[in-house]
Amino acid sequence: MNKTGNKNLKELISAALSEMEKAHYCGMYIRHMRNACMLLEDMAVRMGKDMLDDELSKAFIGDSSHFRTGAYSKSRFKRHRLCVQILRTYRDTGVWPPPPPPRACSSWADHASSH
């Protein structure tokens, strides 16, 4: 088991996205993950963080308001939760899960709802 807990957030995200490509995740799924990770990185900068910790994770998952309307967005909540879950699992175990079923390519939110 190759834990990656000592990587800073940028390194962790880069490694996770690279592993997704190696594991043949579909391109759209990787793009959705990359976009969520960019938002996570932006929040980390605002909070002065460079590691994925509980405080950053909770703040990111809690950032579930639609960027235009400010109303609660279930899909945003799911994307943020899945992003944190994937990064934490990879950080803590160093193990990469197999790609999600092909339907995830058409709907990131469908996969997020299963987690």
Side-chain angles (χ1 to χ4, degrees):
M1 193 175 328
N2 180 22
K3 293 186 180 184
T4 59
N6 59 344
K7 291 183 184 278
N8 71 34
L9 185 60
K10 285 185 183 285
E11 292 170 337
L12 178 63
I13 290 170
S14 178
L17 292 172
S18 177
E19 288 296 325
M20 290 178 90
E21 290 172 2
K22 287 180 198 173
H24 303 289
Y25 278 64
C26 75
M28 181 175 286
Y29 192 88
I30 294 170
R31 280 191 298 278
H32 284 296
M33 179 67 174
R34 184 175 289 116
N35 289 343
C37 287
M38 286 174 26
L39 293 173
L40 177 61
E41 284 185 293
D42 289 345
M43 180 172 279
V45 168
R46 288 192 309 272
M47 293 176 68
K49 304 260 182 193
D50 66 350
M51 302 290 280
L52 183 63
D53 62 11
D54 287 342
E55 182 182 15
L56 176 59
S57 297
K58 287 177 186 174
F60 187 64
I61 292 170
D63 180 24
S64 56
S65 299
H66 189 278
F67 72 98
R68 281 190 215 137
T69 66
Y72 172 75
S73 171
K74 185 175 182 179
S75 63
R76 183 176 172 106
F77 169 78
K78 288 178 179 182
R79 283 191 306 270
H80 287 199
R81 184 183 63 194
L82 183 59
C83 176
V84 167
Q85 180 182 349
I86 287 171
L87 292 174
R88 279 182 166 177
T89 299
Y90 183 59
R91 176 198 66 193
D92 295 346
T93 67
V95 175
W96 197 256
R103 70 178 179 82
C105 288
S106 61
S107 179
W108 167 268
D110 286 346
H111 183 71
S113 66
S114 68
H115 285 80

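Starting from 1, each residue takes its place in the sequence as its number.
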Check your understanding: With a 4.5 Å heavy-atom cut-off, do Asp50 and Leu9 have their side chains touching?
Key -> no
Practice item. Work out which heavy atom in Leu12 is nearest to a heavy atom in Lys7; give both atom names and the distance. Key: N-CB, 4.0 Å
Practice item. Taking Thr89 for its side chain and Gln85 for its backbone only, find out whether a donor-acceptor pair lies under 3.5 Å. Key: yes
Check your understanding: Is the shortest side-chain N to carboxylate O distance from Asp63 to Arg79 below 4.0 Å?
Key -> no
Practice item. Taking side-chain hydrogen bond (donor to acceptor under 3.5 Å, both in side chains) as the test, write out the residues that go with Asp42, two or more places apart. Key: none
Check your understanding: Would a 4.5 Å heavy-atom cut-off, applied to side chains only, mark Leu40 and Lys49 as touching?
Key -> no
Check your understanding: What's the verdict on salt bridge (charged side-chain N to carboxylate O under 4.0 Å, His left out) for Arg91 and Asp53, showing C-alpha distance, side-chain angles and the deciding distance?
Key -> CA-CA 11 Å; Arg91 176 198 66 193; Asp53 62 11; over 6 Å; no
Check your understanding: Do His80 side-chain atoms and Ser64 backbone N/O form a donor-acceptor pair below 3.5 Å?
Key -> no
Exercise for review: First locate atom OH of Tyr25, then atom CG of Leu17, and finally report the distance between them rounded to the nearest 0.5 Å.
Suggested key: 11.0 Å
Practice item. Decide whether Met43 and Phe67 are clustered together by the hydrophobic rule: side chain heavy atoms of Ile, Leu, Val, Met, Phe, Trp, Tyr closer than 4.5 Å, transitively. Key: no
Practice item. State plainly whether one hydrophobic cluster holds both Val84 and Met47, where clusters connect Ile, Leu, Val, Met, Phe, Trp and Tyr through side-chain heavy atoms under 4.5 angstrom apart. Key: yes
Study note, to complete from the structure: The reported gap from OG1 in Thr93 to CZ in Arg88 (rounded to nearest 0.5 angstrom) is 13.0 Å
Practice item. Would you confirm whether Arg76, through its side chain, and Ser65, through its main-chain N or O, come within 3.5 Å as a donor-acceptor pair? Key: yes
Review point. If you measure from CG on Leu56 to CD on Glu41, what distance do you get to the nearest 0.5 Å?
Key: 10.5 Å
**Study point:** Minimum heavy-atom distance Tyr29-Leu82, with the two atoms named
**Key:** OH-CD2, 3.5 Å
Review point. Is the closest side-chain heavy-atom distance between Met33 and Cys37 below 4.5 Å?
Key: yes
Exercise for review: Give, for atom OG of Ser57 and atom CZ of Arg81, the distance between the pair rounded to the nearest 0.5 Å.
Suggested key: 13.5 Å
Check your understanding: Which atoms form the tightest heavy-atom contact between Leu87 and Ile13, and what is the distance?
Key -> CD1-CG1, 4.0 Å
Check your understanding: For the atom pair SG (Cys83) and CE (Met38), what is the distance rounded to the nearest 0.5 Å?
Key -> 11.5 Å
Practice item. Using the rule that two of Ile, Leu, Val, Met, Phe, Trp, Tyr join whenever any of their side-chain heavy atoms come within less than 4.5 Å, decide whether Val45 and Leu52 are in one cluster. Key: no
